[in-house]
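The block underneath contains the structure these notes are about, expressed in structure tokens.
This chain uses plain numbering: 1 for the first residue, then up along the sequence.
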Amino acid sequence: MGGNGSFASGINNPYNKYEEVGFVGGIKVLKGTQGLHKLPEESRTSNAYIRMKDNQFYEMRFYDNNHKLKIEIAYHPEPKLTGNHDKKVLHIHEYENGNFKSRTTRLMTSEEIKKYKKYFKGVKL
């Protein structure tokens, strides 16, 4: 599947493990194992993955041709955008060269929601 492993300073860091639990709109739905609660930061086998939470869309990640994270669509509270810590909102995180420290966060446009809505299982639009 994907992984966060690396070979840093001559030490192998293990890849995180994921379990495939289904498909939504043709995209693999992954569940982390060993206490892992996020999707992979890189992918060698797919250009996108979905994560569900309580049988509802939670997030989806898209990867570029170099296997690095490019875009993450999420449905959870994003207080930086709404000022509300409880209200779930569809939004996008755009990553620069897969760098987690260099990302922009914004609300989804109506065109983007229409384009990706087939993946938003359980989300009331």
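Counting Ile, Leu, Val, Met, Phe, Trp and Tyr side chains that sit under 4.5 Å apart, directly or through other members, Met52 shares a hydrophobic cluster with Val21, Val24, Ile27, Val29, Ile50, Phe57, Met60, Phe62, Ile71, Ile73, Tyr75, Leu90, Ile92, Met108, Ile113, Tyr116, Tyr119, Phe120, Val123, Leu125. Cluster partners of Tyr58: none. The rule joins Ile, Leu, Val, Met, Phe, Trp and Tyr whenever side-chain heavy atoms lie under 4.5 Å apart, and it links nothing here.
The salt bridge (Lys or Arg N to Asp or Glu O under 4.0 Å) analysis of residues 46-59, with sequence neighbours excluded, yields the pairs Arg51-Glu59. Listed by first and then second residue, the salt bridge (Lys or Arg N to Asp or Glu O under 4.0 Å) pairs involving residues 107-125 are Arg106-Glu112 (not counting sequence neighbours).
Remark: His93 engages His91 in a ring pair (Phe, Tyr, Trp, His ring centres under 6.0 Å) (not counting sequence neighbours). For Lys88, the side-chain hydrogen bond (donor to acceptor under 3.5 Å, both in side chains) partners two or more places apart in sequence, or in a different chain, are Gln56. With sequence neighbours left out, Glu78 forms a salt bridge (charged side-chain N to carboxylate O under 4.0 Å, His left out) with no residue at all. For the side-chain contact (heavy atoms from CB on, under 4.5 Å) test, residues two or more places apart in sequence or in another chain that qualify with Asn84 are Thr82, Asp86, Lys87. Residues passing the side-chain hydrogen bond (donor to acceptor under 3.5 Å, both in side chains) test with Thr104, sequence neighbours excluded: Glu94.
To the nearest 0.5 Å, atoms CG (Leu30) and OG (Ser43) are separated by 8.5 Å.
Taking 4.5 Å as the limit, every side-chain heavy atom of Lys70 sits out of range of all side-chain heavy atoms of Tyr95. Contact check for Pro79 versus His85: side-chain heavy atoms found under the 4.5 Å cut-off.
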task: Carefully, step by step, assess Tyr18 and Glu20 under the rule side chain to side chain contact (heavy atoms under 4.5 Å, CB included).
output: CA-CA 7 Å; Tyr18 299 89; Glu20 183 182 306; over 6 Å; no
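At least one donor-acceptor pair under 3.5 Å links the side chain of Arg61 to the backbone N or O of Pro40.
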